[in-house]
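Letters go in sequence order (proteins before strands), and every chain restarts at 1.
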Number of protein chains: 2
Amino acid sequence: MNTEPLTSEAILDAAEAALRRFGPAKTSVVDVARALEVSHGSVYRHFPSKAALREAVTARWLERVSAPLEDVVTRPGPASRRLRDWVALLAATKQAIARDEPELFETFHQIATGSRDVAAAHVDHLADQAARIVADGIAAGEFTDGDPAVLGRAVLHATARFHHPALSREWGDPATTAADLDAVLTLILHGLTRPE
Amino acid sequence: MNTEPLTSEAILDAAEAALRRFGPAKTSVVDVARALEVSHGSVYRHFPSKAALREAVTARWLERVSAPLEDVVTRPGPASRRLRDWVALLAATKQAIARDEPELFETFHQIATGSRDVAAAHVDHLADQAARIVADGIAAGEFTDGDPAVLGRAVLHATARFHHPALSREWGDPATTAADLDAVLTLILHGLTRPE
DNA sequence: CGACTGACAGATATTGACATTTGTCAGCGG
DNA sequence: CCGCTGACAAATGTCAATATCTGTCAGTCG
């Protein structure tokens, strides 16, 4: 048969492919093992449970979501522009996946609501990225003073409607959604209160 | 038997009581009719379907949510204070119901996701209330210029995490949640950009 | 020896016969 | 007449028998 050794990476690839094809409800560990032409017992040598396997798939997938965002965080330019682009990219990415890969998106959402750890780590990661842009803006004198950690978290919360999976049903027409997000971003950047 | 005529209001009362007692999944039209000591056929003379009946219950219940908010909209005082209180009251009301009346809350959420009309009307109503406070603030020179309708909607969207039923799972500790909402409200009212 | 298998027990999901519910309507009674 | 009833068909829900799946582990193979 196959002389290649079975790796965790190969299992993750097969698991992701199976989740894409069958969806979270219809994907069994046996399905994944069958695709790799091994017994399902072998899969359990690499992952302690089905839940752990699905979490690993989700973690890897979330990493692929946040990696391109990192570029926006570290690139040069005004913080206000980068914060706008960062949120817009985050929202566009999540919305595109919800539209084009509903199976994987549902898996992610299920795990995010089920086991808190993976989701919480992702949220912390995003909040940190936002906080770093805010910190840059404060350092450059572009933004008003404040705790970057608190402000980054607030930016993420204020834009939750446009990137939180639980609200994917609200994402109707992309143009309207983009306009609504733009209004919220303008509100965050300018604020309501008139400067003295 | 009972000589009183059967009214839509009486049916709504009975339906709400039944939903509270049995929950949305276990409440049948027959249950509602039995409580009123009529046949279930009579209920269908007042509401064309079970879905319509549940929507009517939800609409009446949503009205009871937004009525107290109206007081905050029309009362005197600075717009910034009223906007803060309005959002805080909206969030606190939704969160209290999610905690204390999970049955009714689940019914509402189910209908909100299922049939768009009732939910959309409620969202429009709330956006309008926010817009009126914003309009007051602009008229008083307290807020910067802008379209109140757009800004009211943006305020509702930016605070969705704290009152949208789909995100009720995120409402963990009330103190932390209140602090997070406070950070978002401060962000909205002050904005990030430093005034020149 | 270490990676893998395959049989196994307990947990979970599927199926299909059965019961309840939704929604309609002809007709009863005030 | 008008509001209500109750019998009914179709849709939906329930439940127990059955099948599949998860997770374990003693044993096989290279």
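In this structure, D31(A) atom CG and dC21(D) atom P are separated by 7 Å, rounded to whole Å. Taking atom CZ of R45(B) as the reference point, atom P of dC4(D) lies 7 Å away to the nearest angstrom. Note: OH (Y44(A)) to C1' (dA9(C)) measures 14 Å, nearest angstrom. In this structure, CD of E37(B) is placed 11 Å from P of dT5(D), rounded to the nearest angstrom. Rounded to whole angstrom, the span from the CD1 atom of I11(B) across to the P atom of dG3(D) amounts to 13 Å. Look at CG on L53(A): it is 10 Å from P on dT22(D), rounded to the nearest Å. Look at CG on L36(B): it is 17 Å from P on dG3(D), rounded to the nearest Å. The CZ atom of R34(A) sits 19 Å away from the P atom of dC4(C) (whole-angstrom rounding).
Taking a 6.0 Å sphere around CZ of R75(A), one finds it holds more than 12 heavy atoms contributed by other residues, nucleotides or ligands. Counting heavy atoms of neighbouring residues, nucleotides and ligands inside a 6.0 Å radius, atom CZ of R60(B) exceeds 12 of them. At most 12 heavy atoms of other shown residues, nucleotides or ligands fall within 6.0 angstrom of atom NE2 in H190(A).
Nucleic acid contact class of V30(A) (heavy atoms, under 4.0 Å, all strands): base. Nucleic acid contact for S28(A): sugar-phosphate only, since backbone atoms but no base atoms lie under 4.0 Å from a heavy atom of the residue.
At a cut-off of 3.5 Å, with distance as the only test, no side-chain donor of D180(B) or T177(B) sits close to an acceptor on the other residue.
Contact check, K26(B) against dT14(D): a side-chain N or O comes under 4.0 Å of OP1 or OP2.
Tested against T58(A), the residues L19(A), V118(A), L53(A) include a single side-chain contact (heavy atoms from CB on, under 4.5 Å) partner, V118(A).
When each of P48(A) and V38(B) is assigned the nucleotide of DNA chain D with its nearest heavy atom, V38(B) is the one assigned upstream, toward the 5' end. Mapping S49(B) and H46(A) onto DNA chain C via the closest heavy atom, the residue that lands nearer the 5' end is H46(A). Residues S42(A) and H40(B) both approach DNA chain C. Their nearest nucleotides, taken by heavy-atom distance, put S42(A) toward the 5′ side.
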